[in-house]
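Read the structure below first, then the notes.
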Amino acid sequence: MDEIPAELRAEVLRWRNFPRERPAHIDPAGPGQESVWDYARPPRVEPVPAPVQVTFNGRLIAASRRALRVLETASPPVYYLPPDDVELDFLVPARQTTLCEWKGISRYWHVEVDGRRARHAAWSYPEPWSGFAAIAGCFAFNAGRLGPCTVDGEQVTPQPGAYYGGWITGNLTGPFKGAPGSERW
């Protein structure tokens with residue numbers, strides 16, 4: 001908690017201690033599948049050896065074989081791509097920031113390609129907190145505002161709801177946080 005600014009500590013503790021519930025039914029993971037209910041809290045970061053791509057308005061805006069994914073209980077993974085693998089000219093700084101009780105303060109970006117803009121469609125953590133240094137400066141993308149987005153050639157489905165940015169692939173089982181009624185998961 002030392003690295004968390006004093007003015008944010010109460011809010012961070014409130015979210016870290018927020019009472020969580022498990023849904024009545026969790027889909028079992030079969031062979032080759034992952035259940036988002038087996039992901040840890042706090043989240044963990046792991047490398048993704050498969051190719052990850054993000055497109056918008058018919059243009060490839062990011063492609064990486066060095067992506068990282070953040071795995072958090074109840075949510076599909078959020079993929080973070082190194083800035084060297086992102087066409088930064090398509091990113092326009094936004095004023096929006098958010099607080100994650102684990103990763104810290106995020107910064108948002110609009111994605112703009114050939115005059116078309118997806119508002120708040122990317123975010124990054126310039127100075128993430130302990131345990132998340134690997135994603136510093138990397139960019140995550142909201143597949144629901146962009147697309148198609150792919151992992152290993154498979155087009156992802158955006159996580160339900162407007163707030164979260166997870167990518168659902170065929171190897172994941174849920175249910176997934178973000179759908180109506182999942183606010184306490």
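Each residue takes its place number in the sequence, starting with 1. Since we're looking at a predicted model, the values are computed, not measured.
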**Asked** Under the criterion side-chain contact (heavy atoms from CB on, under 4.5 Å), which of L68, V156, L81 is the partner of V52?
**Response** L81

**Message:** Side-chain heavy atoms nearer than 4.5 Å, only ILVMFWY residues, links allowed to pass through others: does that put Y108 and L99 together?
**Reply:** no

**Message:** For residues W123 and V45: do they belong to one hydrophobic cluster (side chain heavy atoms under 4.5 Å, members Ile, Leu, Val, Met, Phe, Trp, Tyr)?
**Reply:** yes

**Message:** Is any side-chain heavy atom of Y164 closer than 4.5 Å to one of K177?
**Reply:** yes

**Message:** Taking the side chain as everything from C-beta on, heavy atoms only, tell me whether P19 gets closer than 4.5 Å to R184.
**Reply:** yes

**Request:** With the side chain counted from C-beta on, respond yes when S106 and C100 share a heavy-atom pair under 4.5 Å apart, and no when they do not.
**Result:** no

**Asked** Cluster question for you: counting only ILVMFWY and a side-chain heavy-atom cut-off of under 4.5 Å, with indirect links fine, are V12 and I105 together?
**Response** yes

**Nearest-0.5 Å distance, CZ of residue R69 to CH2 of residue W167** = 12.5 Å

**Request:** Apply side chain to side chain contact (heavy atoms under 4.5 Å, CB included) to the pair T73 and V36, showing each step before the final yes or no.
**Result:** CA-CA 6 Å; T73 308; V36 297; over 6 Å; no

**Asked** Within a strict 4.5 Å, meaning less than it, do heavy atoms of the P77 and L172 side chains meet?
**Response** yes

**Fill in**
Closest non-hydrogen atoms of V113 and N57, given as atom of the first, atom of the second and distance, are O-ND2, 2.9 Å

**Message:** I'd like to know if E11 pairs up with R9 as an ion pair, taking the criterion as any Lys NZ or Arg NE/NH1/NH2 lying under 4.0 Å from an Asp or Glu carboxylate oxygen.
**Reply:** no

**Message:** For Y80 and Y125, take the angle between the two ring planes, folded into 0 to 90°, and tell me which bin it lands in: parallel under 30, tilted 30 to 60, perpendicular over 60.
**Reply:** tilted

**Asked** Counting only heavy atoms not in R14, do more than 12 fall under 6.0 Å of its CZ?
**Response** yes

**Item:** From CH2 (W15) to CG (L8), nearest 0.5 Å
**Value:** 14.0 Å

**Asked** Which of these passes ring-ring contact (aromatic ring centres under 6.0 Å, His included) with W185: F176, W37, F18?
**Response** W37

**Prompt:** What distance separates D89 CG from I61 CD1, expressed to the nearest 0.5 Å?
**Reply:** 12.0 Å

**Message:** When you compare the side chain of F141 with that of V86, does any pair of heavy atoms fall below 4.5 Å?
**Reply:** yes

**Asked** Is there a side-chain contact between R117 and V92, using heavy atoms and a 4.5 Å cut-off?
**Response** yes

**Message:** Does atom CZ (R59) have a neighbourhood of more than 12 heavy atoms from anything else shown, all under 6.0 Å?
**Reply:** no

**Gap separating the CG atom of D85 from the CD atom of Q53, nearest 0.5 angstrom** = 11.0 Å

Show which side-chain atoms of residues 126-139 pair as donor or acceptor with protein atoms under 3.5 Å away, not counting sequence neighbours.
unit_1, atom_1, unit_2, atom_2, d
S130, OG, E3, OE1, 3.4
S130, OG, E3, OE2, 2.7

**Message:** Can a donor-acceptor pair be found, under 3.5 Å and without considering hydrogens, that links the side chain of H110 to the backbone of H120?
**Reply:** yes

**Request:** Might you point out which heavy atoms bring V78 and A140 nearest each other, and give the distance in Å?
**Result:** CG1-CB, 3.7 Å

**Request:** Over all heavy atoms of both residues, which pair between I168 and P76 is shortest? Give the atoms and the distance, please.
**Result:** CG1-CG, 3.5 Å

**Complete:** dist E101:CD -> N17:CG (nearest 0.5 Å) comes out at 9.5 Å

**Message:** Rounded to the nearest 0.5 Å, what separates atom CG in L146 from atom CZ in F56?
**Reply:** 6.0 Å

**Request:** Mind listing the closest non-hydrogen atom pair of C149 and V54 along with its distance?
**Result:** SG-CG1, 3.9 Å

**Message:** I want to check something: taking the side chain as every heavy atom from C-beta on, are S35 and D38 in contact at a cut-off of under 4.5 Å?
**Reply:** yes

**Request:** Can you tell me which residue pairs pass the side-chain hydrogen bond (donor to acceptor under 3.5 Å, both in side chains) test with a partner in residues 138-160, sequence neighbours excluded?
**Result:** S75-Q159

**Item:** Heavy-atom pair with the smallest gap, counting every atom of P49 and P47
**Value:** CD-O, 3.7 Å

**Asked** Less than 4.5 Å apart, any side-chain heavy atom of E46 and any of L71?
**Response** yes

**Asked** Of the non-hydrogen atoms in P28 and T173, which two are nearest, and what is the gap between them?
**Response** O-CG2, 3.6 Å

**Prompt:** Are R20 and E183 within salt-bridge range, i.e. N to O under 4.0 Å?
**Reply:** no

